[in-house]
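Encoded as structure tokens, the structure appears first; notes follow it.
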Amino acid sequence: MQRYTPLFLIAFVFSLVLLAGNTYLTGYADQTGAKTNKSITVYTTLPVEHVAILAEAYEKSHHVKVNFVPLTKEDLLSRIKTESTVPTGKTDLVLADKETLLQSAATHVFSPYESEQTDIISDKFKDQNGDWVGVWYDPIIFCANKDYLLTLPVIPNTWDALVALPNVRIGITDFFAADASANLLFTLIAEYDENKVFTFLNKLHPKVVQYSKYLSTPVRMAGMGEVDISIAVQSETIRYMNEGFPLTIIYPTDGTAYKLTGVGILKNAPQKAAAEQFMKWLTEDDVQFVLQQNKFFFVPTNQSTVAYKLFNGKNLTLFNNYSDLTLQQKQAVMDRWVKNIRLK
């Protein structure tokens, strides 16, 4: 049985540890009158509201303007492929999900980069040739209503145990609605096989109260007692826990999927030195402080950070296998799920 301790005290302690350094840097910048005199450009698949806070924080602390260009995965891949044909490009880095980074690396557009920070990071979170490195991830967990758990003789801490619960009400985000939810489906298939996964989903379906459109909805429903347990992303669960919702995180002991965010420097980056400094920052504690201040709760890949050391889920088991299904194969899997399970 694994439960997740609420992060009220953890977030508070973490904030205190970093606030002093952050305040000092801000004050020093004000005294010296330093101004932004450099800029870097970053292609990204992350949401605008997410990267906007990163850009603001980095410019404030390092006096380097970060021009984020949000793109779909397809547009990003197309642009970097086109721009790679010129000696000096106009883009410095790519900050994106693992799938986009893998496909980008396959076209040989990255400049390998290694540092003390990236060396600490586990091999499963980075490219073996140093083309890109993961900076944080968001695992799928079981988000349980605390009152419901009190009625159970045993805590369900495996996927089979979850689906075997009698009369349980389950919440989950529709696989079509969010990349993190779709990633769960494809990762399960990579870890096991499609027949086993579809058998599991067929058992799960009658217990699903709602296939939600947003990642936050299953978490809210569990917190409000509208479902008993939700299959959800950890970041949204921690956010609701910090707002006082009666929730507990259960980590599946047999493993779970996760959404990895990583960064790579392009070969023809016009500001390579500045890009390397920004990449370093993304692996450090300061960026986690900024994210948590803005209610983004991800797990850092750098195990030497304070943020990771305060993370209670260090024994979290992550699935090792990665889905290599093509876009057409993924669409076919989704279509079979809709036809054989979702609409039954």
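All of these numbers come straight from a predicted model, not from anything done at the bench. Note that these values count all heavy atoms, side chains included, but never hydrogens, waters or copies made by symmetry. Throughout, numbering of the chain's residues begins at 1 and tracks the sequence.
Rounding to the nearest 0.5 Å places CG of Leu152 at 6.5 Å from CD1 of Ile229.
Side-chain atoms of Asn129 never come within 3.5 Å of backbone atoms of Asp131 as a donor-acceptor pair (strictly under, hydrogens ignored). Remark: side-chain polar atoms of Gln329 are paired, donor with acceptor, to backbone N or O of Thr326 under 3.5 angstrom. Counting only distance, with no hydrogens or angles, the side chain of Glu191 and the backbone of Phe319 share no donor-acceptor pair below 3.5 Å. Although no hydrogens or angles enter the test, the distance criterion places no donor-acceptor pair under 3.5 Å between the side chain of Lys124 and the main chain of Asn320. In this structure, the side chain of Asn294 engages the main chain of Val290 through a donor-acceptor pair within 3.5 Å. Using modelled atom types, no side-chain atom of Thr283 and backbone atom of Asn302 make a donor-acceptor pair closer than 3.5 Å.
Considering Asp254, Thr253, Ile249 in turn, Ile249 is the only one that fulfils the side-chain contact (heavy atoms from CB on, under 4.5 Å) rule with Tyr251. When each of Ile172, Ile341, Asp174, Ile231 is tested with Val208 by the rule side-chain contact (heavy atoms from CB on, under 4.5 Å), just one qualifies, namely Ile172. If you run ring-ring contact (aromatic ring centres under 6.0 Å, His included) between Phe125 and each of Trp132, Tyr137, Trp136, Tyr308, only Tyr137 comes through.
Taking the six-membered ring wherever Trp is involved, the centroid distance between the rings of Trp337 and Phe198 does not fall below 6.0 Å. Taking the six-membered ring for Trp and the full ring otherwise, the centers of His50 and Phe68 sit at least 6.0 Å from each other. Between His205 and Tyr211, the distance from one ring center to the other falls under 6.0 angstrom.
By the side chain to side chain contact (heavy atoms under 4.5 Å, CB included) test, Ser104 pairs with Leu76, Leu77, Ile80, Thr100, Val109, Phe110, sequence neighbours left out.
Shortest non-hydrogen contact noted between Pro218 and Val227 is O-CG2, 4.1 Å. In this structure, Ala307 and Pro300 approach most closely via the heavy-atom pair CB-CG, 3.9 Å.
Under the 4.0 Å criterion applied to side-chain N and carboxylate O atoms, Lys73 and Asp97 are not assigned as salt-bridge partners. By the 4.0 Å N-to-carboxylate-O rule, Arg169 lies too far from Glu226 to be salt-bridged with it. Salt bridge annotation for Arg336-Glu194: present, with a cationic side-chain nitrogen under 4.0 angstrom from a carboxylate oxygen.
Under the 6.0 Å distance and 45° angle rule, Arg220 does not count as a cation-pi partner of Tyr240.
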